[in-house]
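Here is the structure we will look at, set down as structure tokens.
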Amino acid sequence: MSDEPTLSISWSSLRTHEECRMRGRLMRAGKKSPVQDIRGYFPGTVVDRVMRAWLDSDDHPSGLMVDMVAEVMAAEEAKAVDKGDGVIRWRSKNDRAEVAAFCRELVIRLEPILQKEVLPYDFEPAKWFRTPIAIPGLEHGSVRRVDLIGEMDILVNAHGRWAVWDLKGTRDDNYWRKTLGQLTFYDTAVAAMFGEATSRAGLIQPMCTEAVKEVLITDEERRVLLSRIVSMAHDIWRKEDTTFRRDDGGCFQPFVCAVKHACPRFQVPRRISPTQMQDMADALR
């Protein structure tokens, strides 16, 4: 039995680890920059918070979500600064007003979807979870625990059958293809919590042509996800989580990496070779 603390893995940490192990390591160490630009995520955050508040209300009054947008935008701007989550750099003098208009239009389209897919059933918005699963350890035949953690936008119990819905503020009709891993992660967490996988899973994407995009999660996709979780856990347990991203995409673009300021790759003189930089990273193990 290992004396190390139980490893917690979220969908975002899994994806970050696979993109750049060093970035994942620094994010777990709390090195995220408090001045990262979060403008790209902000509309999605606003409509998510509006939806949660509306679903938490007693009678879900029609039209209320539209009236909530301005208040929620102001609150989320302030909260981002107070919590050190980042700052919002508006792209133009009209950008804030355009984001507000986008959010209002989205929640107008969202309300009838929630009335059909969520309100008739037992549901829980912003379902936070921490659930253990058992995976192979480093030693042959050993088993270790990891905790899957995260937050589902909406978890629905439709007469004993589970459904997970994720709200996306996108206009891209093909964006759902990028979310299959995230939905499979939530499906795996549901199975760990309740003993059975989801019967339905998908995106609520009101600004797209197909406003409700349901996906089929296969057993093969579940096996692939589990292998990714095992690979990440083994990297961390072996302390093999200090390698840099192999290509430069995402590293040298401004405001992309939230831990660039703390990364050894950018804290060494340019005369040091890539091999020497990797040796310095290896010394952190």
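Side chains included, hydrogens not; waters and symmetry mates left out as well; all remaining heavy atoms used. Along the sequence shown, residues are numbered consecutively beginning with 1. What you are looking at is a predicted structure, and each value in this text was computed from that prediction instead of being measured.
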Taking every non-hydrogen atom, the tightest pair across Ala201 and Trp165: C-CZ3, 4.4 Å
From Ile133 atom CD1 to Ile9 atom CD1, the distance as rounded to the nearest 0.5 Å: 7.0 Å
Distance (rounded to the nearest 0.5 Å) between Asp187 CG and Arg200 CZ: 14.0 Å
Side chain to side chain, Glu77 and Val81, heavy atoms closer than 4.5 Å: no
Whether Trp90 and Phe42 hold their rings parallel, tilted or perpendicular, with breakpoints at 30° and 60°: perpendicular
Connected via hydrophobic side-chain network under 4.5 Å: Val164 and Phe123: no
ILVMFWY network linking Leu7 to Leu26, side-chain heavy atoms under 4.5 angstrom: no
Heavy-atom donor-acceptor pair, Thr45 side chain to Tyr41 backbone, under 3.5 Å: yes
Sidechain-backbone polar pair: Asp147 side chain, Ile149 backbone, donor-acceptor under 3.5 Å: no
Sidechain-backbone polar pair: His60 side chain, Leu119 backbone, donor-acceptor under 3.5 Å: no
Close side-chain approach of Ile217 to Arg222, heavy-atom, < 4.5 Å: yes
Charged N-O contact under 4.0 Å between Arg39 and Asp95: yes
Pair Leu226-Ile135, side chain to side chain contact (heavy atoms under 4.5 Å, CB included): steps then yes or no: CA-CA 8 Å; Leu226 184 59; Ile135 67 171; 4.1 Å; yes
Same cluster (ILVMFWY, side-chain, under 4.5 Å), Leu14 and Met27: no
hydrophobic_cluster_shared for Ile113 and Trp176, side chain cutoff 4.5 Å: no
Side chain to side chain contact (heavy atoms under 4.5 Å, CB included) between Leu138 and His234, worked out: CA-CA 7 Å; Leu138 296 178; His234 284 191; 3.7 Å; yes
Val143 and Pro136, any side-chain heavy atoms less than 4.5 Å apart: no
Residues Asp48, Arg52; criterion salt bridge (charged side-chain N to carboxylate O under 4.0 Å, His left out); working and verdict: CA-CA 6 Å; Asp48 177 70; Arg52 293 179 184 189; 2.7 Å; yes
Donor-acceptor contact below 3.5 Å, side chain Ser199 vs main chain Trp162: yes
Within one Ile-Leu-Val-Met-Phe-Trp-Tyr cluster: Ile38 and Val35, side-chain cutoff 4.5 Å: no
Residue pair Ser13 / Ser10, side-chain donor-acceptor N/O under 3.5 Å: yes
Validation row: Pro132, Val146 side chains within 4.5 angstrom (heavy atoms): no
Carboxylate-amine/guanidinium contact Arg161 Glu196, below 4.0 Å: no
Heavy-atom check, side chain of Val47 versus side chain of Leu167, under 4.5 Å: yes
Exceeds 12 heavy-atom contacts within 6.0 angstrom, atom CD of Glu151: yes
Ion pair check, Arg28 and Asp241, cut-off under 4.0 Å: yes
Straight-line distance of Ile154 CD1 to Tyr186 OH, nearest 0.5 Å: 11.5 Å
Thr179 OG1 to Gln205 CD distance, which is reported to the nearest 0.5 Å: 8.0 Å
Test salt bridge (charged side-chain N to carboxylate O under 4.0 Å, His left out) applied to Glu240 and Arg25, step by step: CA-CA 10 Å; Glu240 294 177 354; Arg25 178 189 179 96; over 6 Å; no
Minimum-distance pair of heavy atoms, taken over all atoms of Glu221 and Thr184: O-CG2, 3.7 Å
Polar side chain donor-acceptor pair, Asp173 to Thr209, under 3.5 angstrom: yes
Residues Lys79 and Asp82 bridged, charged N to O under 4.0 Å: no
Distance-only donor-acceptor check, side chains Ser8 and Arg130, under 3.5 Å: yes
Considering all heavy atoms, the nearest Gly169-Phe102 contact: O-CZ, 3.7 Å
Closest contact, heavy atoms only, Met68 versus Ala53: CE-CB, 3.1 Å
Salt bridge (charged side-chain N to carboxylate O under 4.0 Å, His left out) between Asp166 and Lys168, intermediate numbers included: CA-CA 6 Å; Asp166 199 61; Lys168 297 296 185 185; 2.9 Å; yes
Nearest-0.5 Å distance, CG of residue Asp59 to CH2 of residue Trp54: 9.5 Å
Worked check of side chain to side chain contact (heavy atoms under 4.5 Å, CB included) between Met65 and Leu55: CA-CA 10 Å; Met65 282 194 284; Leu55 288 174; over 6 Å; no
Residue pair Gln115 / Pro120: nearest heavy atoms and the distance that separates them: O-CD, 3.3 Å
Rounded distance [0.5 Å steps], CG in Leu148 versus CD1 in Ile229: 5.0 Å
Val215, Leu183, Val212 screened by side-chain contact (heavy atoms from CB on, under 4.5 Å) with Leu203, the one that passes: Leu183
Modelled atom types, side-chain donor and acceptor of Asp235 and His17, under 3.5 Å: yes
Side chains of Thr16 and Trp11 in contact at under 4.5 Å (non-hydrogen atoms): no
Heavy-atom pair of closest approach, residues Val190 and Ala197: CG1-C, 4.3 Å
Residue pair Glu18, Arg15: steps toward the salt bridge (charged side-chain N to carboxylate O under 4.0 Å, His left out) verdict: CA-CA 5 Å; Glu18 291 174 338; Arg15 187 177 58 182; over 6 Å; no
Stepwise side chain to side chain contact (heavy atoms under 4.5 Å, CB included) check, Val107 with Glu111: CA-CA 6 Å; Val107 298; Glu111 183 176 322; over 6 Å; no
Greater than 12 external heavy atoms within 6.0 Å of Tyr175's OH: no
